[in-house]
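Quick notes on the structure that follows.
Computed from a predicted structure; not experimentally measured.
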Amino acid sequence: MGIGGDLAEARRSMGLTVGQLSARTRIREVIIQAIERDDFSACGGDFYARGHIRNLAKVVGLDPEALVHRYDEQHGGVPLPVRAASVFQADTPIKIRERRSPNWTTAMAVALVIVVVFGVVRTMGGDGDTPTADVVPASVPPASPPAPAGSAPGSPGRTTSMSKSKHSDVVVLKVKAQRSSWVEAEDASGRRLFAGVLQAGKSTVLRAKKRMRVIFADGGAVSLQMNGKNIGAPGRSGQVVNRSYAAATAKESR
């Protein structure tokens, strides 16, 4: 079986259609279909063919470098590297009349601007909802006892209530792979939180406000923990599962 046959078999074993694979790799369906027939003429050259093979292999759980190596062996080998001197060598020698000392004032000003911009971005962006691997979410602190009757606005009892309401708007889902499987997640606004093959034994933590939607290529390959509570596997082994998780109700829905 050729490279295309291996990719097609791996895609079918994950329960993915050509259309779904195209949506996840941004590669047109007609090109994927040609590659699965070992026809790389539609790729536009060896450089693009290697890139398509890598992207497809990552999604379907194959070794990208091994497939690219096989492609190079079948299509004349890896292209020889080009020496930078031969590309950038000037036709006529350049005479440098004067050697100026570096402008340290300008360099310091540029460095200061970079530091300021980086600090503003970190401050405005915050931690965001970017998933992190193998990180257990911090548990929500227990609510304090209700404030005594007659407490004035702004008292500790009211502050605790506002803090609890704020935490209830966040859904935290920890996904742990028992075996390698494709996982794709997005928040309520459609922003992608995670997309890729979660390797066996690895885990990732997804965070979103109010709600998130998650697609599992193999519902029995992962175990879930939502807001610190174990909820088990989302489906059966080999089953493609589409689930929605809401923070306010703290429950799983189809």
Side-chain angles (χ1 to χ4, degrees), residues 1-29 31-33 35-36 52-68 129-137 171-188 190-208 211-247 249-254:
M1 185 179 299
I3 296 173
D6 289 346
L7 290 171
E9 183 179 357
R11 171 182 62 78
R12 287 190 291 267
S13 68
M14 293 188 67
L16 297 176
T17 65
V18 174
Q20 290 172 330
L21 187 58
S22 173
R24 295 176 184 179
T25 60
R26 302 296 189 270
I27 301 174
R28 290 183 298 167
E29 293 184 30
I31 295 180
I32 295 176
Q33 292 169 346
I35 290 176
E36 289 186 351
H52 292 335
I53 291 172
R54 283 192 178 92
N55 290 339
L56 294 172
K58 290 177 182 178
V59 173
V60 300
L62 297 180
D63 185 350
E65 298 307 321
L67 288 185
V68 170
D129 295 330
T130 303
T132 56
D134 297 318
V135 178
V136 179
V171 57
V172 179
L173 185 70
K174 181 179 181 181
V175 184
K176 183 173 183 179
Q178 309 302 325
R179 57 180 179 271
S180 298
S181 178
W182 173 270
V183 178
E184 182 174 339
E186 62 181 28
D187 62 13
R191 183 170 65 88
R192 179 170 291 181
L193 303 175
F194 182 88
V197 175
L198 191 60
Q199 299 296 330
K202 298 295 183 179
S203 63
T204 186
V205 177
L206 309 174
R207 295 182 177 88
R211 181 179 294 273
M212 71 170 67
R213 185 177 68 86
V214 188
I215 298 175
F216 304 94
D218 186 348
V222 298
S223 60
L224 306 179
Q225 185 182 87
M226 185 168 69
N227 289 358
K229 180 181 179 181
N230 292 324
I231 60 176
R236 300 186 306 274
S237 178
Q239 178 186 15
V240 178
V241 180
N242 189 332
R243 291 285 186 267
S244 179
Y245 301 92
T249 59
K251 68 179 183 179
E252 174 188 48
S253 60
R254 296 180 181 274

Between the main-chain N or O of [Y] and the side-chain N or O of [X], is there a donor-acceptor pair closer than 3.5 Å?
X    : Y    : answer
D63  : E65  : yes
E9   : D6   : no
S22  : I27  : yes
N227 : V172 : yes
D218 : G238 : yes
S180 : A200 : yes

Would you check if [X] and [Y] make a side-chain contact, meaning some heavy-atom pair closer than 4.5 Å?
X    : Y    : result
Q33  : V18  : yes
P234 : V222 : yes
L193 : R191 : yes
L16  : V59  : yes
L7   : I3   : yes

Quiz prompt | CZ/R179: more than 12 non-hydrogen atoms of other groups inside 6.0 Å | solution = yes
Quiz item: Shortest non-hydrogen contact from G220 to A233?
Solution: CA-CB, 4.4 Å
Quiz item: If you measure from the Lys or Arg side-chain nitrogens to the Asp or Glu carboxylate oxygens, is any gap between E184 and R213 under 4.0 Å?
Solution: no
